[in-house]
Amino acid sequence: MAREQVNKGFAEMFKNGVIMDVTTPEQALIAQEAGACAVMALERVPADIRKDGQVARMSDPAMIQAIMDAVSIPVMAKVRIGHFMEARILEALGVDFVDESEVLTPADESRHVDKSLFKVPFVCGARNLGEALRRINEGAAMIRTKGEAGTGNIVEAVRHMRAITEEINALKGLDDHQLVQLAGELRVPVELVRQTRDLDRLSVVNFAAGGVATPADAALMMALGSDGVFVGSGVFKSQNPPRMAQAIVQAVIHYQDPVRLIEISKNLGSAMIGLENSALDVKMAERGV
Amino acid sequence: MRVGLLGLQGAFLDHIAHLHRCGVTPCIVRDAQALSTVDRLIIPGGESTVMAKFLEAFGMRGPLRRRIDDGMPVWGVCAGAILLADQVDGHPGSLGGMPVAVQRNAYGRQIASDTHAIDVPLLALRAYPAIFIRAPRILSMGDAVAVHACMDNDPVFVQHGRLMATTFHPELHPGDAFHRYFIDL
């Protein structure tokens, strides 16, 4: 219980901030300098994982360690869905947060990691309320939309954030009998559904992820109720990563101020090249439901 | 009374329910104009590097430092305590005002974060479950700094005039004792 409180509390500290994917200590320093509140250390950004089409696994611990040594902000790293041994290794390494991520190739098709058995906090992706509550019930301290990573296309992240918001709104009208029935359908304890209804939001921090490529994308997700934003390929696949990184951070701070967003969005060079959903061979968001 | 919440990054919204229960008006501060409208300010938990960067970038560092020097009450929580410190990791702090030296992430990474029971006689709290998250350590301080609570031998709740700092997170606890103390400061 105390551990859960400390880990959920840690996620609260990321709020209104931007967490950036980085593949080298140099990129991590650029992200920190630009105002990232944490970095995600991984060997290849999602756009490259998608292009390569190979099995994607936990990154080399030496590479993650080098990034941990380079920056003072928190460092996250990814494990494959259900790969509790990769998670044990990252916990022993001392990373600050583990992302059990659909961006990597799933290791277990029916079970996620039992995150309640770990001391290190976990973030997991979700497309809807059921996925979000199942991950929280497994012990996730933070949720993010899955979006569609590596595409630079915001449409899936919007779909997922709106779905979660609408499903939480729909909880308001339910009586006790209907809550029990819904909890059964979602395969989570009814207490968790009731708590979500009473809070009128998820009981953990909920970030946007998967497709954020511009300051306007980040501001859009904040306006839709995200607590903060992950940027995967969007920074280091853009023409001018330091400028794009700083602009996205500023857009999260000033998302309610379109006049400031004009200046923030100016002269950034080209954003990452986007991919249409219909052109995708792999839908990462369908992994780990 | 309007209590500002520095809204550049971090857990500032977490203070709103506490402030409402204390009967004061919270106001999110993201620029110098908003800063000029508040009677006191909470600098929240979050990433001190991010807040320091944008205090400077948005032209708020100078005006905030002047308000501090003019006696506005300010409460720094964790990262906020780092911003208020005159010395951080052996270098001058980015904002400063409180004669303390702190070390960032002094207790280790998140795996070392924990809840510790502390006594706060000033607020009549015994075995209060203080939540420490990648917390800074207060290494040394000037004579005029009052220590209100310690964890082991480390000061974790200090006050210098109308500036206060906690290296733990009262905003994550349902109680309002720290907020009540701050709005009476």
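A, B, ... follow the sequence lines: proteins, then strands. Residue 1 opens every chain.
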Show your working on side chain to side chain contact (heavy atoms under 4.5 Å, CB included) between Asn7(A) and Gln110(B) and close with a plain yes or no. CA-CA 8 Å; Asn7(A) 282 342; Gln110(B) 174 59 9; 2.8 Å; yes
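- Taking each heavy atom of Met13(A) and Glu171(B) in turn, the nearest pair found is CE-OE2, 3.4 Å.
- Residues Phe132(B) and Val6(A) approach most closely at O-CG1, 4.3 Å, considering heavy atoms.
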Could you go step by step and tell me if Arg30(B) and Gln256(A) meet the side chain to side chain contact (heavy atoms under 4.5 Å, CB included) rule? CA-CA 11 Å; Arg30(B) 294 190 174 96; Gln256(A) 291 158 311; 3.3 Å; yes
Passes side chain to side chain contact (heavy atoms under 4.5 Å, CB included), Glu33(A) versus Thr49(B)? Steps please. CA-CA 8 Å; Glu33(A) 182 62 27; Thr49(B) 53; over 6 Å; no
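- Of all residues spanning residues 217-232 of chain A, none has a heavy atom less than 4.5 Å away from chain B's heavy atoms.
- Checking side-chain atoms of Arg109(B) against main-chain N and O of Asp96(A) turns up no donor-acceptor pair under 3.5 Å.
- Closest non-hydrogen pair, Ser72(A) versus Arg104(B), comes out as OG-NH1, 2.9 Å.
- Of the atoms belonging to Ser113(B), heavy atoms from both backbone and side chain fall under 4.5 Å from chain A.
- Once rounded to the nearest 0.5 Å, the distance linking CZ of Phe54(B) with CD of Gln250(A) reads 5.0 Å.
- The candidate with the highest count of non-hydrogen atom pairs below 4.5 Å against chain A, out of Met51(B), Arg134(B), His169(B), Glu47(B), is Arg134(B).
- Relative to the six-membered ring of Phe58(B), Arg260(A) meets both conditions, a distance below 6.0 Å and an angle of at most 45° to the axis.
- There is a side-chain donor-acceptor pair under 3.5 Å between Gln246(A) and Lys53(B).
- Of the two parts of Asp257(A), neither the backbone nor the side chain holds a non-hydrogen atom closer than 4.5 Å to a non-hydrogen atom of chain B.
- By the 6.0 Å contact criterion, CE on Met85(A) is open, its count of non-hydrogen atoms from other residues, nucleotides or ligands being 12 or less.
- Only the backbone of Ala36(A) comes within less than 4.5 Å of a heavy atom of chain B; no side-chain atom from C-beta onward does.
- With a threshold of 4.5 angstrom between heavy atoms, Val75(A) approaches chain B through its backbone and through its side chain.
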